[in-house]
Structure formats: C-alpha cells, structure tokens
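What you see below is based on every heavy atom in this structure, not just the backbone, and it leaves out hydrogens, waters and symmetry mates. For reference, positions follow the sequence shown, starting with 1.
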Amino acid sequence: MSGGDLLAGMQARGAETLAEGAVLLRGFAADEAPDLSRALESVLAATPFRHMLTPGGHRMSVAMSNCGRLGWVSDRRGYRYDERDPESHLPWPPMPDAFAALAARAAKAAGFPAFAPDCCLINRYHPGARLALHQDRDERDFAQPIVSVSLGLPATFLFGGLTRSEHPRRLRLEHGDVVVWGGAARLVFHGVAPLAQGEHPLTGSARINLTFRKAA
Ligand code: MD6
Ligand code: FE
C-alpha cells in the first residue's frame with residue numbers, strides 16, 4: 001500500500017493514534033459485524049464460552065473461547081497457547097475466513113501489512129465482568145501486532161503504560177471499533193473496566209471482543 005492509500009484509508013475511517021504503535025479505527029468492523037456474528041455462532045457451537053481459572057485459582061469474570069490453530073488458555077498451571085481445547089481435547093475450530101480477512105485488513109490499515117494471525121481469542125463480557133490490568137506477553141514475537149475487535153455493548157478500555165504503576169487512560173470502545181496495537185505499544189498494560197448494563201441489537205446484554213494474535 002502506498003503512503004497515500006494508507007492516509008486515505010485512515011482518514012475515511014477516522015483513525016486515531018492512541019500511542020506510538022497503537023491505532024483506533026472507529027467503526028472499522030461495523031458493516032461486517034453481522035457476518036462476524038454468524039461465523040462466531042458456528043465457532044461457539046463447537047467450542048462454547050467458559051470461565052477459565054487464573055493461575056492464582058480465581059474464576060475469570062470474562063468468558064472465553066478460541067479459534068484458529070492455537071488458543072489462549074489459563075489454568076492453575078499458568079497462561080499459554082495450546083492447539084487443543086482443554087475441555088473437549090479437540091483442536092480449536094479453524095478461524096473463519098471473515099475473521100482472518102478483517103484482521104489482515106485492519107492491520108494493513110494501521111501499517112502492519114503482513115499480519116497472519118494463528119489465534120483468535122474470543123472474550124464475552126456480561127455486565128460487571130472486567131479484565132484486570134495485564135500485558136499480552138505469551139506470544140513468541142512481539143514485532144507482531146494484536147488486532148482487537150469490539151462488538152455489542154460499549155466498554156471502557158484501560159490503556160496504561162509500559163509499567164504497571166502508570167495510571168491508565170480510559171477509552172470508550174464501541175460496537176465495530178478496531179484497535180491495532182504493536183510496535184512501541186505492544187507491551188503496554190491494559191484492561192477493561194466492569195461492563196455497564198445495556199442491550200445491543202446484535203449481542204443482547206453482552207460485549208464480545210475478538211483479539212487476533214500471531215502466537216507462534
Ligand atoms: C478486550 N482486550 O478488549 C480485551 N489485549 O476485551 C485485550 O486484552 C487486548 O484489546 C491486547 C491487545 C488488544 C486488546
Ligand atoms: Fe490483552
């Protein structure tokens with residue numbers, strides 16, 4: 001893509017730089033959200049949402065599943081990527097084409113032209129569910145970005161710094177918003193504040209987040 005194309009695409013979609021390496025593409029996935037939602041239904045039929053256990057023994061308030069060659073899992077042994085669903089012992093369902101295409105298109109719009117994710121972590125928040133401040137560091141290559149797609153109810157995303165002590169900014173993520181994050185921002189601490197009550201026509205009383213990673 002030429003610099004001109006990149007700029008045109010970003011202006012058309014209103015790209016916002018959150019930090020060096022982190023870009024918010026507002027509404028980038030809004031048009032295809034119904035297609036994504038249909039594809040998601042068939043993934044979840046094979047590998048339903050579950051509340052994983054943290055290494056410290058707490059049940060996570062966010063429900064999770066995965067698709068793609070690898071899935072992110074947490075249990076008493078720690079965090080890791082695994083080729084199989086620990087509940088069914090089957091491989092995770094393949095990543096739907098619509099998922100992979102969107103992730104690549106968003107990464108490209110943010111300046112990462114060769115993103116080929118092997119994992120899509122699927123997060124479901126109901127009111128009250130939250131994600132504590134963390135870094136994504138279970139992946140092999142931190143030169144690879146992460147693409148994060150928000151569907152359904154809005155959330156307050158906490159966007160911190162490279163140390164846990166830095167006070168996070170609060171950022172509203174709405175249905176169809178995509179955040180691409182890599183480069184200097186790849187290891188920032190981040191989280192999600194407790195989800196507020198609400199109803200969304202596509203997802204009901206939930207927020208769904210798809211995060212695409214190149215884990216291996
Ligand atoms: C969420 N997202 O938005 C959780 N991690 O529900 C994440 O933890 C995340 O959005 C790395 C990069 C982008 C993200
Ligand atoms: Fe994360």
Side-chain angles (χ1 to χ4, degrees), residues 10 13-30 32-33 36-37 40 49 51-52 54 60-66 72 74 79 99 102-103 106-107 109-112 115 117 119-139 142 144-200 202-213:
M10 303 209 339
R13 294 291 186 169
E16 231 170 273
T17 300
L18 303 176
E20 193 191 332
V23 177
L24 168 55
L25 305 162
R26 289 199 194 270
F28 192 87
E32 56 208 281
L36 299 175
S37 176
L40 184 59
F49 281 123
H51 295 270
M52 296 181 191
T54 66
M60 298 180 78
S61 61
V62 180
M64 298 182 176
S65 188
N66 290 277
W72 185 86
S74 175
Y79 306 130
F99 280 28
L102 169 66
F112 298 95
F115 183 55
C119 167
C120 175
L121 170 64
I122 307 159
N123 295 318
R124 184 193 64 195
Y125 298 72
H126 278 147
R130 62 187 287 271
L131 196 61
L133 222 54
H134 66 279
Q135 290 172 298
D136 286 22
R137 52 185 311 153
D138 303 315
E139 302 74 29
F142 297 146
Q144 294 286 331
I146 291 182
V147 172
S148 165
V149 178
S150 293
L151 298 172
L153 290 181
T156 299
F157 196 69
L158 309 173
F159 188 87
L162 292 172
T163 58
R164 189 179 284 281
S165 60
E166 199 169 316
H167 193 70
R169 286 162 56 191
R170 297 170 72 86
L171 192 78
R172 186 177 165 93
L173 291 183
E174 298 194 2
H175 177 70
D177 288 352
V178 177
V179 180
V180 181
W181 126 3
R186 180 60 180 74
L187 290 176
V188 299
F189 280 88
H190 59 280
V192 177
L195 198 80
Q197 296 279 349
E199 276 292 316
H200 189 277
L202 193 65
T203 61
S205 62
R207 169 179 184 256
I208 303 288
N209 170 260
L210 310 174
T211 58
F212 295 92
R213 297 103 188 272

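The two residues Leu153 and Ser205 have their closest heavy-atom pair at CD1-C, 3.6 Å. Annotation for Cys119 and Asn66: closest pair SG-OD1, 3.9 Å, computed over non-hydrogen atoms. Closest heavy-atom contact between Pro145 and Val180: CB-CG1, 4.3 Å. Across all non-hydrogen atoms, the minimal contact from Thr54 to Ser74 is CA-OG, 3.6 Å. Between Ser65 and Leu121 the shortest heavy-atom distance is O-CD1, 3.6 Å. For the pair His175 and Gly152, the tightest heavy-atom approach, listed with the atom from each and the gap, is ND1-N, 2.9 Å.
A parallel orientation is assigned to the rings of Phe157 and His190, their planes being inclined by less than 30° (bins at 30° and 60°).
Taken to the nearest 0.5 Å, the NE2 atom of His126 stands 10.5 Å off from the CD atom of Gln197. Rounded to the nearest 0.5 Å, atoms CD1 (Ile208) and CG (Leu202) are 9.0 Å apart. The OH atom of Tyr79 sits 11.5 Å away from the CE atom of Met52 when rounded to the nearest 0.5 Å. A distance of 9.5 Å separates CD of Glu16 from CG of Leu25, quoted to the nearest 0.5 Å. To the nearest 0.5 Å, the span separating CG on Leu24 from CZ on Arg172 amounts to 12.5 Å. To the nearest 0.5 angstrom, Phe159 atom CZ is 14.0 Å from His167 atom NE2.
The backbone N or O of Leu18 sits less than 3.5 Å from a side-chain atom of Arg169, completing a donor-acceptor pair. A donor-acceptor pair under 3.5 Å is absent between the side-chain atoms of Ser148 and the main chain of Val179, judged by distance alone. The backbone N or O of Arg26 lies less than 3.5 Å from no partner atom in the side chain of Asp177, so there is not a single donor-acceptor pair. Of the possible polar contacts, none joining the Asn123 side chain to the Met64 backbone as a donor-acceptor pair under 3.5 Å is found.
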Side chain to side chain contact (heavy atoms under 4.5 Å, CB included) for Arg207 and Val192? Distances and angles first, verdict last. CA-CA 11 Å; Arg207 169 179 184 256; Val192 177; 4.1 Å; yes

Test Arg170 against Leu158 for side chain to side chain contact (heavy atoms under 4.5 Å, CB included), laying out the working first. CA-CA 5 Å; Arg170 297 170 72 86; Leu158 309 173; 3.9 Å; yes

Do Phe189 and Glu166 pass the side chain to side chain contact (heavy atoms under 4.5 Å, CB included) test, and can you show the C-alpha distance, the side-chain angles, and the key distance before you say yes or no? CA-CA 9 Å; Phe189 280 88; Glu166 199 169 316; over 6 Å; no

Could you go step by step and tell me if Arg186 and Ile146 meet the side chain to side chain contact (heavy atoms under 4.5 Å, CB included) rule? CA-CA 8 Å; Arg186 180 60 180 74; Ile146 291 182; 3.6 Å; yes

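Under the 4.5 Å side-chain criterion, counting only non-hydrogen atoms from C-beta, Val147 is not in contact with Phe112. Within the 4.5 Å cutoff, the side chain of Phe99 has heavy atoms near those of the Leu40 side chain.
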